[in-house]
Amino acid sequence: MKEIASSLMALLDASPVNFLATQYVEDQLEANGFVRLDAAAPLPELKPGSQYFITKNHTSVYAFRMGSKVPAEAGFKLICAHSDSPGFRIKPHATIKCEGGVVKLNTEVYGGAILYTWFDRPLSVAGRVILRGNDPLHPVTRRICVKRPLLIIPHLAIHFNRQVNDGNPLSKQKDMLPVLGIINEKLEAGNLLLDTLAEELKVKREDILDFDLSLYDTQPATLVGLNEEFISCGRLDDLAMVHAGLYAMLHSKPTTMTQVLAVFDNEETGSGTKQGAASPVLRNLLERVAGSSEALYRAVEQSFMISADMAHAVHPNYPEKHDPTNHPVMGGGPVIKINANQKYVTDAESAAVFAEVCRKAGVPCQYFVNHSDSAGGSTLGNILTSQLPMRGVDMGNPMWGMHSVRETACIADQEYACKAFAEFFNL
Ligand code: ZN
């Protein structure tokens, strides 16, 4: 249990944003004998048991281990998760100078963040910076994580809004802008952020062409509870499933089927990017691995996908929000997600397959369906089936506070998911 908790915390602390989460997965894969492939080059000869990965946009990564049989004869086993999480992106020309030399940054909300959880926390920035290279078509990308807290979003004092605890609508543009510091009133604020980035990366400010930067909570992942049964950290949705998928990939042996771990980007905004699940990025890779479209079509018919995205545990303060008879609980094991209107790919057959995998792994599992009066969320599974029409299950671990800047999950469930995923890959 200790080992699972500490490896999850290591991944979370190294992954303040999607760019760094992908970097972490890449590093772990390479350290464990997976070979990086250049998607623009011909694939090498794929021998049984050989292990490779490709990346896309520095925010998504696709790893596979060849089975002892070719995919056309045995199919693929896939675990899919996502690297992105809701938060704030820094806009271009972001610096705004206010009274007293206070400088704040203009931001934009990414995905469905719970805004008020971001107030009054030491924040910083991470993501990627694009630098001038020799070829204008291929500038240089550098990932960046500013470790020291640089920013804070100060809340308005209660004395100016006595109704603050009675429901307080927030404007993303007015209420949520983070403060960067105080400068001499005579100075221009324009280059402050670029100067900081240049200093961090030890490059010239003029060579910074652009950036994709997000805010993150600088407080590390923490165990919480009488028996340290919970973990508190941002981005558990969906880095906890990235962790369990990676764990399974690194703790399983080659089987007849080819094992695949896919970590997509942009799930939180609908997956509609070249590195998202709605693109053909994974399909194209699997077709190349299979050897032809005919081989892929045969493989798809024999494949099974676990679409792993975090789920909702029944909340002790709001049990009425849940379905009357299906209450996933913390520590109750992975949650199979079911929806009559097919927002989840799960059907009776695929739910049975996953429940059987859990049983074989000695892991409990539970079921989630929406309260019939609530719409619920969506995830990767049914988007992926538009590219890869294969059997699959939507599942995730139970958690509280999804999309808060700090979410809560249960360490026992993380161990269960790791075991269940490893069992699946080892089948
Ligand atoms: Zn998610």
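Numbering of ligands and ligand atoms starts at 1, following listing order. Because only heavy atoms are used, hydrogens play no part in the values below, and waters and symmetry mates are left out as well, while side chains stay in.
With a 6.0 Å radius and a threshold of 12 heavy atoms from other residues, nucleotides or ligands, Lys91 has its NZ atom above the threshold. Within 6.0 Å of CZ on Phe119 lie more than 12 heavy atoms contributed by other residues, nucleotides or ligands.
Ion pairing between Arg143 and Glu26 holds under the 4.0 Å rule for side-chain N and carboxylate O. Taking a cutoff of 4.0 Å between a charged side-chain nitrogen and a carboxylate oxygen, Glu287 and Arg283 qualify as a salt bridge.
The nearest N, O or S atom of Asp238 is not closer to the Zn ion (ligand 1) than 2.8 Å. At least one N/O/S atom of Asp309, whether from backbone or side chain, sits less than 2.8 Å from the Zn ion (ligand 1).
If you look at Asp237 and ask which of its N, O or S atoms sits nearest the Zn ion (ligand 1), the answer is OD1.
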